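Structure, as structure tokens:
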Amino acid sequence: MTYHMPAETARHERTWMSFPPRGYVLGDDVPGGSKEAEREGIAMWSRVANTISRYEPVSMLVDPALLDTAREHLESSITISEFALDDCWMRDSGPTFVFDCGDSNGSDNFGSQGTGDSSAAAMPGSLVAVDWIFNGWGQQDWSRWDHDELIAKEVARLAGTPVLHSDLVLEGGGFHVDGEGTAILTETVPLDPGRNPGATKALVERELHNKLGIDKVIWLPRGLTRDYSTFGTRGHIDIVATMPQPGMVVVHEQRDPNHPDYEVSRDLIARLQRARDARGRQLTVVPIPAPQHSFDDDGQPNDYSYVNHYAANGAVIACVFEDGNDDEALDVLAQAYPGREIVPIPARPLFERGGGIHCITQQQPYVDKRD
């Protein structure tokens with residue numbers, strides 16, 4: 001079979017999210033955790049979900065212990081499904097939806113020379129849910145994933161789609177696609193020994209071709225500095241660069257020369273300017289500034305990023321930081337996504353818990369069911 005992942009900007013059937021369960025995200029299993037931190041976390045996830053629900057349907061997985069709380073905070077239009085959760089980053093633990101495009105020759109399994117994967121028996125043009133292996137961002141010692149490794153199958157069941165299993169450890173925040181055969185990744189995610197020991201670029205590229213229809217991978221050497229700290233993902237692309245249109249990349253630009261990402265972003269921008277996409281186009285590279293607030297209260301560099309936005313139907317749900325660069329960043333997004341409403345949401349509380357708006361959302365593409 002051959003598969004195709006549409007761009008995030010393609011029409012959505014709905015957005016999938018996970019409601020934050022009790023744990024480090026809500027601040028109740030870390031020193032200094034408080035009811036105020038719990039309320040703030042719940043309010044943040046709920047605000048994102050309620051905002052998206054104005055543009056498209058939203059489905060939310062909720063841990064049984066927080067069903068009443070979720071119902072209290074979420075709009076009545078949001079579909080709630082009970083499911084035991086470890087964490088709440090649907091982009092990473094959830095499935096990647098692709099279209100089944102029909103028969104093809106070649107291997108369908110990561111690292112194999114096999115004859116195909118029969119787990120996805122779907123009609124051509126229908127939707128399939130890719131189930132990557134999720135292992136807590138490379139088996140990090142603070143992470144739990146006994147429940148979250150099952151989320152992709154549960155979402156597929158609720159969505160009524162077949163499951164296409166991959167043997168590749170990967171998260172949705174680890175790649176971006178343009179819908180025309182190009183993907184952007186950092187080397188430090190799929191080649192992480194904690195994820196895929198012994199993997200090569202060639203093996204990863206073959207699996208992305210087999211599962212997503214990718215013909216060209218643009219490899220970047222690394223992600224943002226803070227993302228390699230204790231609670232980081234070791235290089236997710238969705239705080240670094242995204243492709244709002246085929247042939248265009250919006251990329252994080254750190255302008256503070258005292259920040260370690262100043263040189264990192266200069267190098268990444270230069271690499272992207274030299275890159276070509278699957279159709280041979282030289283990319284139009286559009287820098288988007290990092291927030292001016294570039295260090296946390298402890299003097300550590302942060303990774304606040306306007307790149308971590310979500311393209312919903314007719315809108316872009318954008319991270320803002322009550323920062324002097326908010327307006328410029330929103331202008332960049334308005335030009336990159338013409339015709340879409342740019343909807344800002346203050347995102348510092350999200351980033352302080354380990355991610356942004358893109359990290360907590362996952363799109364299900366629309367399927368035209370008419371004959």
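All of these numbers come straight from a predicted model, not from anything done at the bench.
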Task: Side-chain H-bond candidate by donor/acceptor type, Asp192 with Thr188, under 3.5 Å - done: no

Open item on the list: Any heavy-atom pair between the side chains of Thr361 and Met90 that's under 4.5 Å?
Closed with: no

Task: Side-chain H-bond candidate by donor/acceptor type, Glu8 with Tyr310, under 3.5 Å - done: no

Task: Any side-chain heavy-atom pair of Phe97 and Val155 under 4.5 Å - done: yes

Open item on the list: Any donor-acceptor pair under 3.5 Å linking the side-chain atoms of Trp137 with those of Asp92?
Closed with: yes

- [ ] Would you check, one step at a time, whether the test side-chain contact (heavy atoms from CB on, under 4.5 Å) holds for Ile237 with Leu185?
- [x] CA-CA 6 Å; Ile237 195 69; Leu185 294 84; 5.9 Å; no

Open item on the list: Would you say that Gln245 contacts Pro338 through its side chain, given a criterion of any heavy-atom pair below 4.5 Å between the two side chains?
Closed with: yes

Open item on the list: Please say yes or no: joined through hydrophobic side-chain contacts below 4.5 Å, possibly via intermediate residues, are Val316 and Ile345 part of one cluster?
Closed with: no

Task: Salt-bridge criterion met for Glu322 and Arg348 (N-O under 4.0 Å) - done: no

Open item on the list: Whether the Arg14 and Ser59 side chains hold a donor-acceptor pair (N or O, under 3.5 Å, no angle test) is what I'd like checked.
Closed with: yes

TODO: Flag the pair Pro190 / Trp219 as yes when at least one side-chain heavy-atom distance between them is below 4.5 Å, and no otherwise.
DONE: yes

- [ ] Give the minimum heavy-atom separation between Cys319 and Asn308, together with the two atoms involved.
- [x] SG-O, 3.1 Å

Task: Closest heavy-atom pair and its distance - Gly356, Phe351 - done: CA-CE1, 3.7 Å

Open item on the list: Do the side chains of Glu38 and Arg22 get close enough for a salt bridge, i.e. N-O under 4.0 angstrom?
Closed with: yes

Task: Spatial distance of atom CD1 (Ile133) from atom CG (Asn196) [nearest 0.5 Å] - done: 7.5 Å

Task: Residue pair Pro21 / Asp63: nearest heavy atoms and the distance that separates them - done: CB-CB, 4.2 Å

Open item on the list: If the condition is salt bridge (Lys or Arg N to Asp or Glu O under 4.0 Å), which residues does Asp68 pass it with, not counting sequence neighbours?
Closed with: Arg71

TODO: Please report the closest heavy-atom contact between Leu272 and Ala241, naming both atoms and the distance.
DONE: CD1-CB, 4.3 Å

TODO: Check whether Ile317 and Val307 end up in the same hydrophobic cluster, where Ile, Leu, Val, Met, Phe, Trp and Tyr are linked by side-chain heavy atoms less than 4.5 Å apart.
DONE: no

- [ ] Search all heavy atoms of Glu75 against all heavy atoms of Asn50 and return the closest pair with its distance.
- [x] N-OD1, 2.9 Å

Open item on the list: Less than 3.5 Å apart, any donor N or O on the side chain of Asp256 or Ser294 sitting next to an acceptor on the other?
Closed with: yes

Task: side-chain contact (heavy atoms from CB on, under 4.5 Å) evaluation trace for Ile42 with Arg39 - done: CA-CA 5 Å; Ile42 288 171; Arg39 286 193 296 269; 6.0 Å; no

Task: Between His12 and Gln363: side-chain donor-acceptor atoms closer than 3.5 Å - done: no

Task: Spatial distance of atom NE2 (His147) from atom CD (Glu154) [nearest 0.5 Å] - done: 12.5 Å

TODO: Using only heavy-atom distances, determine whether the side chains of Thr233 and Tyr228 contain a donor-acceptor pair under 3.5 Å.
DONE: no

Task: Separation between CD1 of Ile78 and CZ of Phe19, rounded to the nearest 0.5 Å - done: 9.5 Å

Open item on the list: Hydrogens and angles aside, do Trp89 and Ser18 bring a side-chain donor and acceptor to less than 3.5 Å of each other?
Closed with: no

TODO: Scan Leu283, Val249, Thr9, Asp277 and name whichever one has a side chain to side chain contact (heavy atoms under 4.5 Å, CB included) with Met243.
DONE: Val249

Task: Between CG on residue Asn135 and OG on residue Ser143, distance to nearest 0.5 Å - done: 8.5 Å

Open item on the list: Between Leu212 and Phe175, is there a side-chain heavy-atom distance shorter than 4.5 Å?
Closed with: yes

Task: Charged N-O contact under 4.0 Å between Glu205 and Lys216 - done: no

TODO: Measure the spacing between OG of Ser229 and CG of Asp303 and express it to the nearest 0.5 Å.
DONE: 7.0 Å

Task: Side chains of His293 and Asp323, donor plus acceptor under 3.5 Å - done: no

TODO: Report the C-alpha separation of His358 and His176 in whole Å, then their side-chain angles, then the decisive distance to 0.1 Å, and conclude whether the ring-ring contact (aromatic ring centres under 6.0 Å, His included) test is met.
DONE: CA-CA 11 Å; His358 193 260; His176 265 305; 4.9 Å; yes

Open item on the list: For Glu171 and Ser93, which I'm curious about, is there any donor-acceptor pair between the side chains at under 3.5 Å?
Closed with: no

Task: Leu330 and Val320, any side-chain heavy atoms less than 4.5 Å apart - done: yes

Task: Side-chain heavy-atom pair Trp16, Met60 within 4.5 angstrom cut-off - done: no

Task: Charged N-O contact under 4.0 Å between Glu263 and Arg255 - done: no

- [ ] Using atom types as modelled and distance alone, determine if a side-chain donor or acceptor of Asp131 lies under 3.5 Å from a backbone N or O of Lys153.
- [x] no

Open item on the list: Would you say NE2 of His209 has more than 12 non-hydrogen atoms from neighbouring residues, nucleotides or ligands within 6.0 angstrom?
Closed with: no

Task: Met17/Val48 under side-chain contact (heavy atoms from CB on, under 4.5 Å): CA gap, chis, key distance, verdict - done: CA-CA 10 Å; Met17 298 179 64; Val48 172; 4.0 Å; yes

TODO: Dump the intermediate steps for side-chain contact (heavy atoms from CB on, under 4.5 Å) on Met5 and Phe99, then the final yes or no.
DONE: CA-CA 6 Å; Met5 182 179 177; Phe99 289 112; over 6 Å; no

Task: Test item: Tyr306 and Asp326 side chains (from C-beta on) under 4.5 Å apart, heavy atoms - done: yes

Task: Between CG on residue Leu208 and CG on residue Leu203, distance to nearest 0.5 Å - done: 11.0 Å

TODO: Check the hydrophobic clustering (I, L, V, M, F, W, Y; side-chain heavy atoms under 4.5 Å; chains of links allowed) and say if Tyr304 and Leu268 are grouped together.
DONE: yes

TODO: Using the salt bridge (Lys or Arg N to Asp or Glu O under 4.0 Å) rule, take Arg226 and Asp296 through it: C-alpha gap first, then chi angles, then the decisive distance, then the call.
DONE: CA-CA 11 Å; Arg226 180 65 174 261; Asp296 64 22; 3.1 Å; yes

